Amino acid sequence: LESNIGSTYFLMGNHKKALKYFEKAISYYKKQKDFFQLSNTTLNLGNVQLALKDTTGAINSYNKTIEYALQANNLSTLASGYNNIGSIYTAQNKFDLAVKSIEQSISIREKLGLDGELESSKLSLANNQLKIGDFSGAKRRYLNVKKVFEKIIAKEKLKDIYLGLSYIYAAEKNKDSLNFYQKKYNEILSSIYKSETLKASQEIEVKYQTEKKEQPATADTSALVIKEADGLSQQDSIKATGRQILTFLKAKNYPELVKYFSNEGVRFSPYAYIDKATSKILTPDDFLNAINKKQTFTWGSFDGTGDQIN
């Protein structure tokens with residue numbers, strides 16, 4: 001009963017209460033020596049600890065999960081325990097450890113025929129193989145799972161696959177394949193942003209209509225505008241601005257787009273790490289002149305090949 005209550009609280013996002021009930025359930029199952037339920041509940045406990053950013057506690061729980069699952073021959077939960085530890089090691093940049101854990105998870109899931117979970121584990125393994133420089137292994141697994149995720153249109157998964165293959169083909173100096181997967185990556189990224197923008201737009205519209213209905217009939221227009229502005233959070237405002245910028249980009253309405261530039265300009269870089277010494281800053285005028293004159297800029301170079309990014 002405590003375990004079910006804990007799961008309910010976890011789904012509701014009340015992680016502290018979920019933690020409390022899972023701990024009670026674990027205490028009970030230990031007394032009963034019910035290792036099957038112990039493994040399941042300890043796995044859930046680890047998930048809650050991870051949600052609470054208690055990484056050390058989560059690793060300890062997942063290790064306990066593996067211990068109990070082995071005793072109970074609970075193979076499905078055993079695979080999840082290995083997979084979840086692998087995910088933590090990935091986040092900690094311990095890619096060798098991540099690969100070992102995820103490989104154990106894959107081995108078990110293949111035997112059990114857990115196809116959906118298996119493909120996700122294979123993708124996690126490919127991402128880690130890429131990080132440790134095992135391009136051959138990563139490429140093989142990316143291509144193996146690509147068809148599955150393309151069939152079900154799993155956009156977030158496909159984003160990782162196309163980006164990973166782009167890195168690999170860049171290292172192999174295979175320009176045709178590199179261009180192909182860069183295009184696929186940009187398309188899926190655009191599709192994800194479009195979906196997120198539509199969702200944000202719908203959420204703001206619902207909020208607007210709800211608050212509009214709640215306004216007194218005698219309220220004047222200026223008071224209504226102020227009330228609606230107050231009702232939008234900073235996050236809503238950012239989403240709305242982002243949606244507007246994406247609209248201008250898609251329409252190639254650059255004169256309107258540059259109105260969102262800082263007076264000092266916008267810094268452009270193809271890397272997550274911004275090197276202020278080499279990245280370029282374009283003012284609104286610079287940007288519009290470049291567009292009108294169809295100028296080509298060199299932004300940096302690809303890792304592995306050293307080819308220019310233009």
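Computed from a prediction, not measured in an experiment: that's the story for all the values here.
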* Which heavy atom of Arg267 sits nearest a heavy atom of Ile281, and at what distance? -> NH2-CD1, 3.4 Å
* Just jot down the side-chain contact (heavy atoms from CB on, under 4.5 Å) partners of Thr55, sequence neighbours excluded, or say none. => Ile59, Ile88, Gln92
* How about Ser120 and Phe149: do any of their side-chain heavy atoms sit closer than 4.5 Å? -> yes
Enumerate donor-acceptor pairs with a distance under 3.5 Å from any side-chain N or O in residues 135-147 to protein atoms, sequence neighbours excluded.
unit_1, atom_1, unit_2, atom_2, d
Lys139, NZ, Glu172, OE1, 3.4
Lys139, NZ, Glu172, OE2, 3.4
Tyr142, OH, Asn127, OD1, 2.7

* Structure fact -> d(Gln182 CD, Ser177 OG) to nearest 0.5 Å is 11.5 Å
* Structure fact -> dist Phe35:CZ -> Gln71:CD (nearest 0.5 Å) comes out at 4.0 Å
Kindly list each side-chain donor-acceptor pair under 3.5 angstrom involving residues 99-106, sequence neighbours excluded, with atom names and distances?
unit_1, atom_1, unit_2, atom_2, d
Ser101, OG, Leu97, O, 3.4
Ser105, OG, Ala79, O, 3.0

* To do: Can you run down the salt bridge (charged side-chain N to carboxylate O under 4.0 Å, His left out) pairs that involve residues 46-72, sequence neighbours left out, and say none if there aren't any?
  => Lys64-Glu67
* **Minimum-distance pair of heavy atoms, taken over all atoms of Leu178 and Ser166** => CD1-O, 3.3 Å
* Quick one: OG1 on Thr42 to CG on Asn63, what's the gap to the nearest 0.5 Å? -> 11.5 Å
* **Thr8: side-chain contact (heavy atoms from CB on, under 4.5 Å) partners, not counting sequence neighbours** => Met12
* Any chance you could lay out the side-chain contact (heavy atoms from CB on, under 4.5 Å) test for Arg109 and Leu112, step after step, and finish with the verdict? => CA-CA 5 Å; Arg109 286 173 170 171; Leu112 295 176; 5.7 Å; no
* To do: Give, for atom NZ of Lys155 and atom CD1 of Ile188, the distance between the pair rounded to the nearest 0.5 Å.
  => 6.0 Å
* Is there a side-chain contact (heavy atoms from CB on, under 4.5 Å) between Tyr29 and Ser3 once you walk through the steps? -> CA-CA 10 Å; Tyr29 292 136; Ser3 183; 4.1 Å; yes
* Asked: With a 4.5 Å limit on heavy-atom distance, are the side chains of Phe180 and Leu165 in contact?
  -> no
* Asked: Do Thr65 side-chain atoms and Leu43 backbone N/O form a donor-acceptor pair below 3.5 Å?
  -> yes
* Structure fact -> Heavy-atom closest pair (Ser39 atom, Thr77 atom, distance to 0.1 Å) is O-CG2, 3.6 Å
* Asked: So, Tyr169 versus Tyr181, ring centres under 6.0 angstrom or not?
  -> yes
* To do: First locate atom CD of Glu187, then atom NZ of Lys183, and finally report the distance between them rounded to the nearest 0.5 Å.
  => 5.5 Å
* Asked: So how far is it from Ile26 CD1 to Leu38 CG, rounded to the nearest 0.5 Å?
  -> 7.0 Å
* Would you tell me whether Ser61 and Gln49 have side-chain atoms, one donor and one acceptor, within less than 3.5 Å of each other? => yes
* **His15 to Val48 - nearest heavy-atom pair and separation** => O-CG1, 3.3 Å
* side-chain contact (heavy atoms from CB on, under 4.5 Å) assessment of Phe261 paired with Thr283 -> CA-CA 7 Å; Phe261 280 34; Thr283 65; over 6 Å; no
* Hydrophobic cluster membership, Val148 vs Leu123, 4.5 Å side-chain cutoff -> no
* To do: Decide whether Asn44 and Tyr21 meet the rule of one side-chain donor and one side-chain acceptor closer than 3.5 Å.
  => no
* Asked: Can you find a pair of side-chain heavy atoms, one from Phe36 and one from Thr41, that are under 4.5 Å apart?
  -> no
* Any donor-acceptor pair under 3.5 Å from Asn128 side chain to Ser124 backbone -> yes
* **Residues forming a side-chain contact (heavy atoms from CB on, under 4.5 Å) with Tyr254, sequence neighbours excluded** => Lys252, Leu257, Phe287, Leu288, Ile291
* **Candidate pair Asn83 and Ser80, rule side-chain hydrogen bond (donor to acceptor under 3.5 Å, both in side chains), full reasoning** => CA-CA 5 Å; Asn83 185 77; Ser80 295; over 6 Å; no
* Asked: Side chains of Asn4 and Ser7: is there a donor and an acceptor less than 3.5 Å apart?
  -> no
* Closest contact, heavy atoms only, Gly46 versus Ala58 -> O-CB, 3.6 Å
* Under 4.5 Å between any side-chain heavy atoms of Ile66 and Ile85, yes or no? -> yes
* To do: Kindly indicate, with the supporting measurements, whether the criterion side-chain contact (heavy atoms from CB on, under 4.5 Å) is fulfilled by Lys17 and Phe22.
  => CA-CA 9 Å; Lys17 280 197 173 182; Phe22 282 140; over 6 Å; no
